[in-house]
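Everything below concerns the one structure shown next.
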Amino acid sequence: MSSAALSDLATSSRNDFLDDVLAGLSQSQKSLSPKYFYDEAGSDLFEAICLTPEYYPTRTETALLAHVAPALSAWVQSGCVLVEFGSGASDKTRLLLDAMPQITTYMPIDISAGALEPAVDRIKDAYPGVTVVPVEADFTQPIATLDLATYPAVLGFFPGSTIGNFTPAEAAAFLKAARAMLGPKALFLVGADLVKDPAILVAAYDDAAGVTAAFNLNVLKRINTELGGDFDLAQFAHRARWNASDARMEMHLESLRDQIVHVGHHAFAFRKGETIHTENSHKFTVKGFGALALASGWTLVEQWLAPDDAFAAFLLERF
Ligand code: AVI
């Protein structure tokens, strides 16, 4: 891509960021999209969250997938292409590739070239027999370039309970779009966090070392540096709440005093105690996930649960 095209892209994504921030801070319940957490510092902080003792999902899913992969092997035909949505570092992928030599092509989809390129190099080095076809794209949008018709079998992979960061309507729309993208031969393995004791959930989203707090506050830092904001980070506090009626963890940033904050030429008034809602992380039941899948064109054909029903791997088949 030319430098002019790159600068156009940077300008348009800055404009999108600005438009979204101005719109989100103008609502009566102020909000910011969680997609803006993930600049380089935010991605590093997310990696650090995964290593905190309280944030169980990554560890639990990784241990679960080590059991799932050999069992899943019976479902997967030779010449299969593995398509991963939001592949990031492609760490969990290895558990599938190790157990299923019938996977001959790996197609990681990620919006971040910075994450995709080193991950692709590592997978190519470790699995020389696997053809790697990276796709740099936003997987929440239809991807025209995904051509899977020539593969005898297709396995979609969406780990990490990222599906929980969608609203229920967005989750259904994503599953329907994935169904269309993966085509008629598809199986789809989805990792999802399950409803549990709220004390465990709140601790997972409010670790004692304050890594999740730094991750949440990082979005204000981004607004200051990228959009000319003047948020005083010391005047906002990270809050993690369990919303039982919507079965979701919520992250908020609470204003610690009455204050006016500027983003460029726009001013936003905050009352003491008022929050900016920054993330939802929905937690599922097996029954609820099955219903979501069914409403989106998939049948739940197998499920594997971690000890204490802490996390699930769901295998979906197109109908
Ligand atoms: C990426 N996503 C699945 C994480 C989650 O658990 O919702 C993001 C996260 N937010 C706070 N901690 C981790």
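Indexing begins at 1, ligand by ligand and atom by atom, following the structure's order.
- Counting only heavy atoms of the protein, atom 7 (O) of ligand 1 lies nearest to Ser281 OG, 2.5 Å.
- Side-chain N/O atoms of Asn280 and Asn165 include no donor and acceptor closer than 3.5 Å.
- Taking a 4.0 Å cut-off on heavy atoms, Phe215 registers as neighbouring ligand 1.
- Side-chain atoms of Thr278 and Asn216 include a donor-acceptor pair closer than 3.5 Å.
- Residue-ligand proximity, Tyr38 to ligand 1, at heavy-atom distances under 4.0 Å covers atoms 1 (C), 8 (C).
- Summary of contacts: the protein heavy atom closest to atom 10 (N) of ligand 1 is Glu279 OE1, 2.8 Å.
- The two residues Val120 and Pro134 come nearest to each other via the heavy atoms CG2-CB, 3.7 Å.
- More than 12 non-hydrogen atoms from other residues, nucleotides or ligands lie less than 6.0 angstrom from CD of Gln29.
- Between the side chains of His277 and Ser31, no donor N or O sits under 3.5 Å from an acceptor N or O.
- At least one heavy atom of Ser161 sits closer than 4.0 Å to an atom of ligand 1.
- Only the side chain of Asn165 comes within contact range of ligand 1, with a heavy atom under 4.0 Å; no backbone atom does.
- Proximity of Leu292 to Phe314: side-chain heavy atoms (C-beta onward) are nowhere separated by under 4.5 Å.
- Atom 4 (C) of ligand 1 has as its closest protein heavy atom Tyr55 OH, 3.4 Å.
- For the residue pair Gln102/Ser73, the side-chain donor-acceptor check at 3.5 Å is satisfied.
- Under the 4.0 angstrom criterion for non-hydrogen atoms, Gly160 is in contact with ligand 1.
- Taking distance alone, with nitrogen or oxygen atoms compared against 3.5 Å, Tyr205 approaches ligand 1 more closely than that limit.
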